[in-house]
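Shown next, in structure tokens, is the structure this report addresses.
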Amino acid sequence: STDLVVQDGIIVAVGEGVGHDSAFKIDTSGLWAIPGLIDIHMHVCSEPYQLGVIESVQEDEAISLRRSLRNLYEALNSGITTIRDAGSMQARGLHVKRAVESGVVVGPTVYSCGDIITYPRGHMADYGVEVRGKREIEQAIRRNIAIGADYIKVTSDPEDNEAKGR
């Protein structure tokens, strides 16, 4: 038998005899313990496989935030302890991140990009912000940093021949 010691939700020791005699014990015979998984591309407030892109863009903010609760629940139940929100309408993923961090919502750790940055009519333009030129790109990046984005997501589509020059 192997002991697994957890303190404040973090595994701090694994091995025979590392647990305290007074510790709460659970029989885990036949079970496995694995590290938390990371989903590096999740749209926490809407998933294309749940809705079409048009329906997702038109969805009410309250509904998309409620959808995020289900997505967080499903992620945790699947062993995912960290997610990277790859973009959501009006930077809603940052609201979800703050709700998890403050303990209002139970969920995996969330890293969010804020608004997706793209060129006019570019990939994910309906979800993010369209920029034209260096000044607008810099403004969009600064805005994302100011609202708490963990990283910057810029999209392009190398197959989009019409995008050249936009």
Side-chain angles (χ1 to χ4, degrees), residues 1-118 123-124 126-129 140-155:
S1 131
T2 300
D3 296 331
L4 180 86
V5 181
V6 179
Q7 291 178 339
D8 299 323
I10 298 172
I11 297 172
V12 295
V14 177
E16 287 191 40
V18 296
H20 303 286
D21 289 336
S22 62
F24 177 73
K25 300 199 187 304
I26 300 172
D27 182 8
T28 58
S29 300
L31 300 178
W32 292 78
I34 63 170
L37 303 173
I38 301 171
D39 185 334
I40 64 165
H41 192 128
M42 176 186 213
H43 295 276
V44 71
C45 294
S46 63
E47 285 295 333
Y49 66 85
Q50 295 168 349
L51 294 175
V53 173
I54 301 296
E55 293 84 2
S56 179
V57 169
Q58 295 172 344
E59 187 171 61
D60 179 71
E61 181 177 7
I63 297 296
S64 73
L65 290 172
R66 286 186 183 97
R67 182 181 305 285
S68 73
L69 297 176
R70 186 189 66 221
N71 291 341
L72 294 173
Y73 175 82
E74 288 177 0
L76 278 179
N77 280 335
S78 300
I80 297 169
T81 58
T82 303
I83 63 170
R84 187 179 72 164
D85 175 50
S88 54
M89 292 288 297
Q90 302 161 345
R92 293 174 188 162
L94 290 171
H95 299 300
V96 174
K97 170 192 166 103
R98 289 184 192 107
V100 171
E101 287 177 343
S102 67
V104 171
V105 172
V106 174
T109 301
V110 177
Y111 293 95
S112 183
C113 67
D115 283 323
I116 295 169
I117 301 170
T118 191
H123 179 64
M124 299 297 284
D126 292 331
Y127 269 67
V129 58
I141 291 170
R142 284 190 182 101
R143 180 183 176 279
N144 274 344
I145 291 169
I147 62 175
D150 296 299
Y151 67 99
I152 303 300
K153 180 175 179 178
V154 179
T155 65

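In this chain, residues are counted from 1 in sequence order.
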> Going through the distances and angles, do Val105 and Val96 end up as a side chain to side chain contact (heavy atoms under 4.5 Å, CB included)?
Replying inline: CA-CA 8 Å; Val105 172; Val96 174; over 6 Å; no
> Run the side chain to side chain contact (heavy atoms under 4.5 Å, CB included) check on Leu72 and Leu76 step by step: do they pass?
Replying inline: CA-CA 6 Å; Leu72 294 173; Leu76 278 179; over 6 Å; no
>> Working note: Asn71 + Ile83, criterion side chain to side chain contact (heavy atoms under 4.5 Å, CB included); need CA distance, chi angles, decisive distance, verdict.
In response: CA-CA 10 Å; Asn71 291 341; Ile83 63 170; over 6 Å; no
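Arg143 contributes atom CZ, which lies 10.5 Å from atom CD1 of Ile152 (distance to the nearest 0.5 angstrom). Remark: Thr118 OG1 to Lys153 NZ distance equals 10.0 Å, nearest 0.5 Å. Interatomic distance, Ile147 CD1 to His95 NE2, rounded to the nearest 0.5 Å: 8.0 Å. Of the inter-residue distances, the one linking Asp126 atom CG with Met89 atom CE reads 7.5 Å to the nearest 0.5 angstrom. Atom CZ of Arg84 is separated from atom NE2 of His41 by 7.5 Å, given to the nearest 0.5 angstrom.
The one candidate from Thr82, Leu94, Asp150, Val100 that meets the side chain to side chain contact (heavy atoms under 4.5 Å, CB included) condition with Val110 is Val100.
Counting heavy atoms of neighbouring residues, nucleotides and ligands inside a 6.0 Å radius, atom CZ of Arg98 exceeds 12 of them. Around atom OH of Tyr151, more than 12 heavy atoms belonging to other residues, nucleotides or ligands sit under 6.0 Å away. In this structure, Ile40 places its CD1 atom where only 12 or fewer heavy-atom neighbours from other residues, nucleotides or ligands lie under 6.0 Å away.
Checking side-chain atoms of His43 against main-chain N and O of Gly87 turns up a donor-acceptor pair under 3.5 Å. For Thr155 (side chain) and His123 (main-chain N/O), a donor-acceptor pair under 3.5 Å exists by modelled atom type.
Heavy-atom minimum distance, Ser78 versus Leu37: O-CD1, 3.8 Å. Taking all atoms of both residues into account, the shortest heavy-atom contact from Asp3 to Gly17 is OD2-N, 3.1 Å. Nearest heavy-atom pair across Gly93 and Cys45 is N-SG, 4.1 Å. Pairing each heavy atom of Ala75 with each of Pro108, the nearest pair is CB-CG, 4.0 Å. Closest approach of Ala13 and Val18 over heavy atoms only: CB-CG2, 4.0 Å. Cys113 and Ile116 make their closest contact through SG-CG1, 4.3 Å (heavy atoms, listed as atom of the first residue, atom of the second, distance).
A salt bridge does not link Asp85 with Lys97: none of the charged nitrogens is closer than 4.0 Å to a carboxylate oxygen.
Looking at Arg92 and Ser68, their side chains never bring a donor and an acceptor atom within 3.5 Å of each other.
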